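These figures come from a predicted structure and were not determined experimentally.
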Amino acid sequence: MSRVGAHGVWIGAVLLYGTVHSLSGTHVAMLAAVVSLAAVSRTTRDLVVSLLPIVLFLWIYDLMVIFQERAWHVVVVEPVYRLEQTLFGWMTAQPGDLGPVDWFRDHHHIVLDGLGGLWYLTHVPAIILFALYLWGRSRGESTEEPSTRRRLDRLLWGFFAMSIVGLALQAWCPVAPPWYVEQFGFAPPGHPIEADPAGLARVDAQLGVAYFETIYSENAYIFGAIPSLHVASPVWLTLHVRHPVGRPLAWGFALAMAFFGVYLGHHYIVDVIAGAALAGAVYLPLAHTS
């Protein structure tokens, strides 16, 4: 395909996207950055091509708003709550508790709240940073043995595939997070509500700024608790780290993300397990072909 033809395809794709979901300032800024980097040099163009799966994921995630209206009426609430209660309720002494989810609701500390707020924003940036590291290494590789380039492509395109599967599952079967039950009970809302920052509201209260409240109020999709992509992403990253020191650190990062998901009231433990299982299920076929 000629360069003119390729440009036409991309322009057509953006216009088609705009008919389905209005372009925001973030979309425009992302487009401007991509076009600018692609025009600067061959090196920056290669960077844009390498990071394309991340860009596509972010744009597709915004399309989840299309499924939100259906989710108001069919969201699964009580079955997941009861499953969590059955599997992990024994971990706390109070009868009827959910276990760690309920315990952390009543036992928390502002230092952990703040650290959790920072940690919880890094699930996709961590993938990008590792991708940039691999991309930098691949620049010095010979074309005959592009092993790092293959690792980079497997990391990012695999992440894209994993994320699309996760989003498809969330759209097909919307599941409410723990904070929803605390506020609304077991019935589907049946009408629009805004996402809640849950435990991160404590950080907003300490800062005196509605930072996390603003972020969560703009969520494209509220009922994406299962599988947890906040957990799937760092697990996916960890599975691609080979360094003997880096891999344990990456597992620590993933475990901390899982902990904060439960600690902050955004996920049940079963959500976390589902997110890790999603990453493993997508990774295993790729591992057998590497």
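How far CD1 of Ile193 is from OG of Ser217: 12.5 Å, rounded to the nearest 0.5 Å. Atom CG of residue Leu169 and atom CG of residue Leu229 lie 9.0 Å apart, to the nearest 0.5 angstrom. Note that CG of Asp153 is 11.0 Å distant from CG of Leu52, once rounded to the nearest 0.5 Å. In this structure, Leu87 CG and Ile273 CD1 are separated by 7.5 Å, a value rounded to the nearest 0.5 Å. Here the CD1 atom belonging to Ile110 is positioned 11.0 Å from the CG atom belonging to Leu115, to the nearest 0.5 angstrom. Taken to the nearest 0.5 Å, the CZ atom of Arg242 stands 9.0 Å off from the NE2 atom of His240.
Residues Ala71 and Tyr221 share a closest heavy-atom pair of CB-OH, 3.9 Å. Across Ala254 and Thr238, no two heavy atoms sit closer than the pair CB-OG1, 4.0 Å.
Tracing side-chain contacts under 4.5 Å through hydrophobic residues (I, L, V, M, F, W, Y), one reaches Leu98 starting from Trp90; they form part of the same cluster. Tracing side-chain contacts under 4.5 Å through hydrophobic residues (I, L, V, M, F, W, Y), one reaches Met91 starting from Phe260; they form part of the same cluster. With hydrophobic clusters built from ILVMFWY side chains whose heavy atoms lie under 4.5 angstrom apart, Leu249 does not share a cluster with Leu134. When the side chains of ILVMFWY residues are joined at heavy-atom separations under 4.5 Å, either directly or via intervening members, Leu58 and Val35 end up in two distinct hydrophobic clusters. Residues Ile128 and Leu118 do not share a hydrophobic cluster, defined by chaining ILVMFWY side chains whose heavy atoms lie under 4.5 Å apart.
Side-chain contact between Pro188 and Val74 is absent, with no heavy atoms from C-beta onward closer than 4.5 Å. At a threshold of 4.5 Å between non-hydrogen side-chain atoms, the residues Ile226 and Cys173 do not count as touching. Side-chain contact between Asp46 and Trp135: present, with at least one pair of heavy atoms (C-beta onward) separated by less than 4.5 Å. Phe223 places none of its side-chain heavy atoms less than 4.5 Å from the side chain of Val77. In this structure, Pro100 and Ile269 have side chains that are in contact, with non-hydrogen atoms separated by less than 4.5 Å. Contact of the Tyr268 side chain with the Val181 side chain is registered, since non-hydrogen atoms from C-beta on lie closer than 4.5 Å. When side chains are defined from C-beta on, Leu156 counts as touching Ile127, because their heavy atoms get closer than 4.5 Å. Residues Trp236 and Val282 meet the side-chain proximity criterion, which asks for heavy atoms closer than 4.5 Å.
The salt bridge (Lys or Arg N to Asp or Glu O under 4.0 Å) test applied to Asp204 returns no partner, not counting sequence neighbours. Every residue two or more places apart in sequence or in another chain that forms a side chain to side chain donor-acceptor pair (under 3.5 Å) with Arg82 is listed here: Glu78, Gln85.
The pair Arg105-Asp97 does not meet the salt-bridge criterion, since no charged nitrogen lies less than 4.0 angstrom from a carboxylate oxygen.
Here Phe253 and Trp119 bring their ring centres to under 6.0 angstrom of each other. Checked against a 6.0 Å centroid threshold, the rings of Tyr120 and His266 count as neighbours. Ring centers of Phe104 and Tyr263: under 6.0 Å apart, within the cut-off.
The closest side-chain donor-acceptor pair between Ser50 and Arg149 falls under 3.5 angstrom. Of the N and O atoms on the side chains of Ser138 and Arg151, not one donor lies less than 3.5 Å from an acceptor on the other residue.
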(message) As a quick check of understanding, evaluate side-chain contact (heavy atoms from CB on, under 4.5 Å) for Leu51 and Leu132, giving each step before the final call.
(response) CA-CA 9 Å; Leu51 296 179; Leu132 290 173; 4.1 Å; yes

(message) Apply side-chain contact (heavy atoms from CB on, under 4.5 Å) to residues Ile222 and Tyr180 and explain how you reach the verdict.
(response) CA-CA 10 Å; Ile222 294 178; Tyr180 177 86; over 6 Å; no

(request) Assess whether side-chain contact (heavy atoms from CB on, under 4.5 Å) is satisfied between Phe88 and Asp102, documenting all intermediate values. (result) CA-CA 10 Å; Phe88 304 106; Asp102 280 342; over 6 Å; no

(request) Show the numbers, then the answer: is there a side-chain contact (heavy atoms from CB on, under 4.5 Å) between Leu239 and Trp251? (result) CA-CA 9 Å; Leu239 292 172; Trp251 275 119; 4.2 Å; yes

(request) Show your working on side chain to side chain donor-acceptor pair (under 3.5 Å) between Gln183 and Asp196 and close with a plain yes or no. (result) CA-CA 10 Å; Gln183 292 190 32; Asp196 193 278; 2.8 Å; yes

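Remark: side-chain polar atoms of Ser233 are not paired, donor with acceptor, to backbone N or O of Val124 under 3.5 angstrom. Here the side chain of Trp179 pairs no donor or acceptor atom with the backbone of Ala195 at under 3.5 angstrom. Without hydrogens or angle criteria, Glu194 side chain to Tyr216 main chain gives no donor-acceptor distance under 3.5 Å. Counting only distance, with no hydrogens or angles, the side chain of Gln170 and the backbone of Ala225 share no donor-acceptor pair below 3.5 Å.
Annotation: Tyr133, atom OH; neighbour count of heavy atoms from other residues, nucleotides and ligands within 6.0 Å does not exceed 12. Atom CZ of Phe186 sits in a crowded spot, with more than 12 heavy atoms from other residues, nucleotides or ligands closer than 6.0 Å.
Counting only residues at least two apart or on different chains, the side-chain hydrogen bond (donor to acceptor under 3.5 Å, both in side chains) pairs with a member in residues 51-76 are His27-Asp62.
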